[in-house]
Number of protein chains: 2
Amino acid sequence: MSKQLPLVPVESLCCSPLMRQPLTEDQSVELARVFKALADPVRLRLLSLIASHAGGEACVCDLTDAFDLTGPTISHHLKVLREAGIIDGERRGTWVYYRVLPTALQTLSTVLMAPDQAEPVTA
Amino acid sequence: MSKQLPLVPVESLCCSPLMRQPLTEDQSVELARVFKALADPVRLRLLSLIASHAGGEACVCDLTDAFDLTGPTISHHLKVLREAGIIDGERRGTWVYYRVLPTALQTLSTVLMAPDQAEPVTA
DNA sequence: CATCTAGGTTGACAGACATCTATCTAGAGC
DNA sequence: GCTCTAGATAGATGTCTGTCAACCTAGATG
């Protein structure tokens, strides 16, 4: 599994959070991609269920009952999160377990910080 | 001006960032609303132009030239950001100046932090 | 092998959304 | 008042997206 697009490069944004310097077109497209993955209530709830689950991961079978949606819809949402680099999945026999990949969320958290909060990363 | 929807309530999320505890349906809808406002490259670039502009605010006339889009499209995007509580506008004569309202972005930044980074707010 | 469960993919469809044209509103200057 | 510029709104249109039904794939079991 683990078929996902490249993660948001932290290095290209570390010293220029969006509040300090205008984003380039490429940066904005890349950031918007991840924000878009988070811009749905179901996906946010899936993400929070996965992240807060015991052991830091959750089987799809643990997730589906919390929603009044069909399996294909849950699968679709998980795929969106996966391709945005936010979660990763691992098959264990019949079951598939998902966990959160912290990098993309961390990047977003950093770019959203006020300029005096964001810590410049010294190379 | 200043016609916007209620801001994201920080208090309801401060001690339960999305990675610590499953979001409620209401919380997820509210968060998704703000993420959706940020889920567009043009809006992200507008936001970063405003935030990084001298004096922490920018006139619409300072923004439009950076895009190959018509005025109504820029107005529409600014309206989306405004209604999400991310920016606020002020008319000064013929001109309209926009600035960033930090609260919504700060909330997003906090909920996206890893559990050990998020500082619990003591009431 | 056949059968089962878990989970993913495909395609249709209704609703949401970015964009533009046309128009309107707000303010300034004469 | 009229005219101008700046910026917002309304409506049409093409594109995108959440959802489901139908179907497929991955593994386990007998």
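Just so it is clear: chains get the letters A, B, ... in the order the sequence lines come, proteins before strands, and each one is counted from 1. Here the structure is a predicted model, which means the values were calculated and not measured.
Taking atom CG of residue B:L46 and atom P of nucleotide D:dA8, one finds them 11 Å apart after rounding to whole Å. The CD1 atom of A:I74 sits 11 Å away from the C1' atom of D:dG18 (whole-angstrom rounding). In this structure, NE2 of B:H76 is placed 14 Å from C1' of D:dG14, rounded to the nearest angstrom. Spacing between atom CG of A:L69 and atom C1' of C:dG8 amounts to 16 Å, rounded to whole angstrom units. In this structure, the CZ atom of A:R91 is 8 Å from the P atom of C:dG7, given to the nearest Å. If you measure from atom CD of B:E90 to atom P of D:dG7, you get 14 Å, rounded to the nearest angstrom. Atom pair A:W95:CH2 and D:dT25:P shows a separation of 22 Å (rounding to whole Å applied). Computed from coordinates, the A:L81 CG to C:dG8 C1' distance equals 15 Å when rounded to whole Å.
Here A:Y98 does not reach the OP1 or OP2 of C:dA6: none of its side-chain N or O atoms lies under 4.0 Å away. When the side-chain nitrogen and oxygen atoms of B:T70 are compared with OP1 and OP2 of C:dT19, none of them lie within a distance under 4.0 Å. For C:dT5, neither phosphate oxygen OP1 nor OP2 lies less than 4.0 angstrom from any side-chain nitrogen or oxygen of A:T94. Phosphate contact (OP1/OP2 of D:dT17, side-chain N/O of A:K36, threshold under 4.0 Å): present. OP1 and OP2 of D:dT19 both lie 4.0 Å or more from every side-chain N or O belonging to A:T73.
When only modelled atom types and interatomic distance are considered, A:Y97 and A:R91 share no side-chain donor-acceptor pair under 3.5 Å. Checked by atom type, the side-chain pair B:T70/B:T73 shows a donor-acceptor distance below 3.5 Å.
Between B:I87 and the options B:L46, B:L78, B:L101, a side-chain contact (heavy atoms from CB on, under 4.5 Å) holds for only B:L78.
Note on B:G93: only backbone sugar-phosphate atoms sit closer than 4.0 angstrom, heavy atoms only; bases stay farther off. Among the atoms of the strands shown, none is found under 4.0 Å from any heavy atom of B:R92. Across all strands shown, B:H77 has heavy atoms under 4.0 Å from sugar-phosphate atoms exclusively, and none from any base.
No salt bridge links A:D88 with A:R82; every basic N to acidic carboxylate O contact stays at or beyond 4.0 Å.
When the nearest nucleotides of DNA chain D are assigned to A:P72 and A:D40 by heavy-atom distance, the more 5′-ward of the two goes with A:D40.
The structure places CG of A:L18 at 11.5 Å from OG1 of A:T110, a figure rounded to the nearest 0.5 Å.
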